[in-house]
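Numbers here are sequence positions counted from 1.
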Amino acid sequence: MTNFARIMDSALSGEPKAQCQLGAMYFHGDRLPQDYGAAEKYFRLSAEQGYREAQYSLAHMCCLGHAGPADLEEAEKWFRMAAGKGEARSQFRLGEFYYRGQGGLAADKVAASRWFRLAAVQGLPQAQFTLAKMYDFGDGLRKNRSEAFRLYLAAAENGLPEAQLCLGTMYDRGEGGAARDKAKAAFWYEKAALAGLSEAQFLIATFYDEGLGVERNPSVALRWYRDAAGNGHPHALHALALFHDEGINVAQDKVEAFRLYKMAAGQGLAESQLNLGVMLDLGDGVAQDKQEAIRWYRMAAQSGQVKAQFNLGLIFDLGDGVGEDQVEAAKWYGMAAARGHVLSMFHLATMYETGEGGLRDLGLAAKWYERAAEKGYPRAQVNIASMYYFGHGVEKNLSMSVKWFKVAALSGHMDAQYNLAVMYDGGIGLKEDVSEALRWYTLAAGQGDVEAQFSLSVIHFLGHGVPADREEALKWLRRAAERGEPRAQFNLGLLFQSGEGLPQDPVEAARWFRLAAEQGQDMAQLNLGLMCVMGVGLPRDLGEAAFWLTKSAEAGLMEAQFQLARLLDGRSHGAGLLSPHDLAEGDDPPGLLDDQEAHTWYLAAADQGHFEAAFFAALDFETGHGARKSLARAARYYLKGAQGGHKVAQFNLARMYENGRGLRRDPEEAARWYRLAAKQGYMSFD
């Protein structure tokens, strides 16, 4: 008789073990057609005779509802019978019923733990693992990481992949009394990975990728990443996407990277949502789509991804692909800033400082600049230093200003180095120290700061705190001039004009004056205008001369106002630079001469204290040349010129006192001014 026949015969004879075996054969379709009804019948016959394996199988069928509606209370009855006879699986399932409050039982984690423990002692790995988790997380039991470790180890050694993963994590982190041991962590991760757990596959991939506990092996890492990604693990999908995105261990493939990012992003992984946004934002390997980029950025940002929050802030700040919206920008910058994102802090501070979107608040600007400064961002350090310097948004505090300029300067920030040099140079907020000033000027100048280069040139020219060194001064002056610093260009022009320290070269002088003049340097505009008048260093051009003198005069330069007035003054008695004969030669633009305009500029220069301009303004008032005749005003401006030492003004003022013209007759005052003019050789009196 075959074994099957013996089982059938015994089962029909009422032998419980054979009935259980026959039930199992019907359940699995083993040598008999699968028939859940028949399986349930034989399991029940066996169970009712007290056979515990049949009781477990019958309870299991009641849970699944294979032979009728699921009936958890019926299942609980049979699990309890089998558990009472020491059937480990039934003890475990009864524990689950207590844990979850199923089968008519009230939830009771303590009772659950008792049944789990009974099954665990018998070596059931699922029970060992579940009890371990209860100890690990203090779930229904007092937290005990050491006991959790012991039970994880038992379940792992019994081949349970979930326990192997948890055990690997404990070795990885050095938890539960286990010393940190990357090699043991890798061993258990790999066992769980071979069983198909995607989390373990991802973790062992990272170990091979970075050489943690195993010899670094990118190809093995890639295989595990692919296995985990194939099981839908979002972090593995993201890692593979990064590899394809950057061409790491695989050929660069932006399209594949985008596909993998999208799969991970669809599972809610914020890092992948961010990277999708970046690719769409920049059109990196995919068609640029700002609106779609914003959609993915929003998802990532709402999950707390600070870079996505920052990128959204930038987009709304600049109006890149959307309408500019400073309030929306500030909202996203604020979220990222609150999570410690330095650039967001800086941009938010800038918005509060400049008042973009109506958000001006210098106090908040200072607060965010200082927070970014404390996190080591040099630009923020410079800005908060400036706010302390001027007392903007904070109480003025030069010591704090020095502190932050120094921190930024030590990190190599050029502007901070220059500002610190200025403070040492002038003893502002600290003790004056020329050698320290020179050190910081030199560092800033070496990085290309033109103001520092110009300051160095002045220091070395004058020998301020160091021996005068014309060669060093010229070196820095040239560098600053060549980089467009207008004061340096003007001074270099002066040196070429005078031949002091450089070969005299009017053409080169005019070139540097022009470069400085075009940047609004008023002294350069004056000198260039005068060279155009005289035709020195460049062709004589009175129209261009008037243009540059006007620029300088309008900037308020007294000498330029006077020289412009002389150029425009058409009087024939030689008050102007040019005689009528000169102007007849055809080198003057039409309408150059303008006596009224000349008078206006004489007055402007005179009112700033130019005594020669005062003389010509007075002469205009006395003669009615370019101005309404007024002896009183003539006397007032002659007085300005006379007090400045102009001998003809002194003589003319004396004459007006003598004759009582424009002021009260005063022979004594007349004599005093005649005497002063005579002392200068204009007229001699005994």
Counting distance only, does the side-chain N/O of Glu324 pair as donor-acceptor with the main-chain N or O of Phe316 below 3.5 Å?
no
Within residues 199-215 or reaching into it, pairs that qualify as side chain to side chain donor-acceptor pair (under 3.5 Å) - sequence neighbours excluded
Glu190-Tyr208, Glu199-His233, Gln201-Asn231, Asp209-Tyr225
For atom NZ of Lys109, decide whether the heavy atoms of other residues, nucleotides or ligands shown that lie under 6.0 angstrom number more than 12.
yes
So, the side chain of Gln519 versus the backbone of Gly484: is there a donor-acceptor pair under 3.5 Å, distance only?
yes
Exactly one of Trp188, Tyr189, Phe187 clears ring pair (Phe, Tyr, Trp, His ring centres under 6.0 Å) with Phe207, and that residue is Tyr189
Measuring from atom CZ of Phe129 to atom CD of Gln164, what distance do you get when rounded to the nearest 0.5 angstrom?
10.5 Å
Side chain Glu432, main chain Gly426, donor-acceptor under 3.5 Å
no
If every non-hydrogen atom of Tyr424 is compared with every non-hydrogen atom of Lys431, which pair is closest and at what distance?
CD2-O, 3.9 Å
Under 3.5 Å donor-acceptor, Ser303 side chain and Met299 backbone:
yes
Minimum-distance pair of heavy atoms, taken over all atoms of Ala380 and Ala372
CB-CB, 3.5 Å
Quick one about Thr354 and Glu356 (side-chain donor to acceptor, distance below 3.5 Å, no hydrogens or angles considered), yes or no?
yes
Taking the side chain from Gln489 and the backbone from Ala516, do they hold a donor-acceptor pair closer than 3.5 Å?
yes
OH/Tyr369 to CZ/Phe346 distance, rounded to the nearest 0.5 angstrom?
5.0 Å
For Glu353 and Leu362, indicate whether the former's side chain and the latter's backbone hold a donor-acceptor pair under 3.5 Å.
no
Nearest heavy-atom contact between Ala205 and Trp224 is CB-CB, 3.6 Å
Could you go through Val466 and Ile459, starting from their C-alpha distance and side-chain angles, then the distance that decides it, and tell me whether this counts as side chain to side chain contact (heavy atoms under 4.5 Å, CB included)?
CA-CA 8 Å; Val466 293; Ile459 286 172; 3.8 Å; yes
Over 60° means perpendicular and under 30° means parallel, so tell me whether Phe149 and Tyr171 are parallel, tilted or perpendicular.
perpendicular
With a 4.5 Å limit on heavy-atom distance, are the side chains of Trp332 and Asp317 in contact?
no
Separation between CD of Glu246 and CD of Gln252, rounded to the nearest 0.5 Å:
8.5 Å
Between Lys396 (side chain only) and Phe390 (backbone N and O only), is there a donor and an acceptor less than 3.5 Å apart?
no
What verdict does the side chain to side chain contact (heavy atoms under 4.5 Å, CB included) test give for Tyr135 and Arg150, after you've listed the backbone C-alpha separation in whole Å, the side-chain angles of each residue and the deciding distance to 0.1 Å?
CA-CA 10 Å; Tyr135 277 118; Arg150 184 186 70 78; over 6 Å; no
Evaluate side chain to side chain donor-acceptor pair (under 3.5 Å) for Gln417 paired with Gln447, printing each intermediate quantity in order.
CA-CA 10 Å; Gln417 292 170 341; Gln447 291 196 71; 2.8 Å; yes
Only counting residues at least two apart or in another chain, list the ones meeting side chain to side chain donor-acceptor pair (under 3.5 Å) with Gln453.
none
Answer yes or no: is there a side-chain heavy-atom contact under 4.5 Å between Lys182 and Asp172?
yes
Would you please test Leu141 and Leu131 for side chain to side chain contact (heavy atoms under 4.5 Å, CB included) and show each step?
CA-CA 9 Å; Leu141 294 172; Leu131 194 58; 3.8 Å; yes
pair Asp136-Leu151: side-chain heavy atoms closer than 4.5 Å
no
ring-ring contact (aromatic ring centres under 6.0 Å, His included) with Tyr389: which residues, sequence neighbours excluded?
none
Please report the shortest heavy-atom distance between Met170 and Ala178, naming the atom on each side.
O-CB, 4.4 Å
Once you round to the nearest 0.5 Å, how far does CH2 of Trp440 lie from NZ of Lys406?
8.0 Å
When you compare the side chain of Tyr297 with that of Leu274, does any pair of heavy atoms fall below 4.5 Å?
yes
At their closest point, which heavy atom of Pro161 faces which heavy atom of Ala195, and how far apart are they?
CG-CB, 3.4 Å
When you measure from the side chain of Gln273 to the backbone of Trp296, do you find a donor-acceptor pair of N or O atoms at a distance under 3.5 Å?
no
Looking at Lys254 and Asp245, is any side-chain nitrogen of the basic one under 4.0 Å from a carboxylate oxygen of the acidic one?
yes
I'd like to check Glu370 versus Tyr388 (side-chain heavy atoms, cut-off strictly below 4.5 Å). Are they in contact?
yes
Can you list the residues that meet the ring-ring contact (aromatic ring centres under 6.0 Å, His included) rule with Phe405, with sequence neighbours excluded?
none
Derivation of the side chain to side chain donor-acceptor pair (under 3.5 Å) call for Tyr418 and Asp449
CA-CA 8 Å; Tyr418 172 73; Asp449 188 290; over 6 Å; no
Which pairs would a plain distance check flag for residues 408-415, meaning a side-chain donor or acceptor within less than 3.5 Å of a matching protein atom at least two apart in sequence or in another chain?
| from | atom 1 | to | atom 2 | distance (Å) |
| --- | --- | --- | --- | --- |
| Ser411 | OG | Ala408 | O | 2.7 |
| His413 | ND1 | Asp415 | N | 3.3 |
| His413 | ND1 | Ala416 | N | 3.4 |

How many angstroms lie between CG in Leu420 and CD1 in Ile428, if you round to the nearest 0.5 Å?
11.0 Å
Would you check if the side chain of Ser401 reaches a backbone N or O of Ser386 as a donor-acceptor pair within less than 3.5 Å?
no
Does any part of the side chain of His464, heavy atoms only, come nearer than 4.5 Å to the side chain of Val434, both counted from C-beta?
yes
Contact check, side chains of Lys290 and Asp281, non-hydrogen atoms, under 4.5 Å
yes
Is the backbone of Ala373 close enough, under 3.5 Å, to the side chain of Gln381 for a donor and an acceptor to pair up by distance?
yes
Ala155 versus Ala163, closest heavy-atom pair with distance
CB-CB, 3.4 Å
So Leu495 and Leu474, do their side chains get closer than 4.5 Å, heavy atoms only?
yes
Is the number of heavy atoms from other residues, nucleotides or ligands within 6.0 Å of NZ (Lys184) greater than 12?
no
Between Asp469, Leu477, Leu456, which is the residue that forms a side chain to side chain contact (heavy atoms under 4.5 Å, CB included) with Phe461?
Leu477
Please test Glu328 against Arg298 for salt bridge (charged side-chain N to carboxylate O under 4.0 Å, His left out), starting from the C-alpha separation and ending with a verdict.
CA-CA 12 Å; Glu328 186 74 1; Arg298 278 190 188 278; 3.7 Å; yes
Working to the nearest 0.5 angstrom, can you tell me the gap between Glu175 CD and Cys166 SG?
10.5 Å
Residues two or more places apart in sequence or in another chain: which of them pass salt bridge (charged side-chain N to carboxylate O under 4.0 Å, His left out) with Arg470?
Glu500
Salt bridge or not for Arg371 and Glu374, using N-O below 4.0 Å?
no
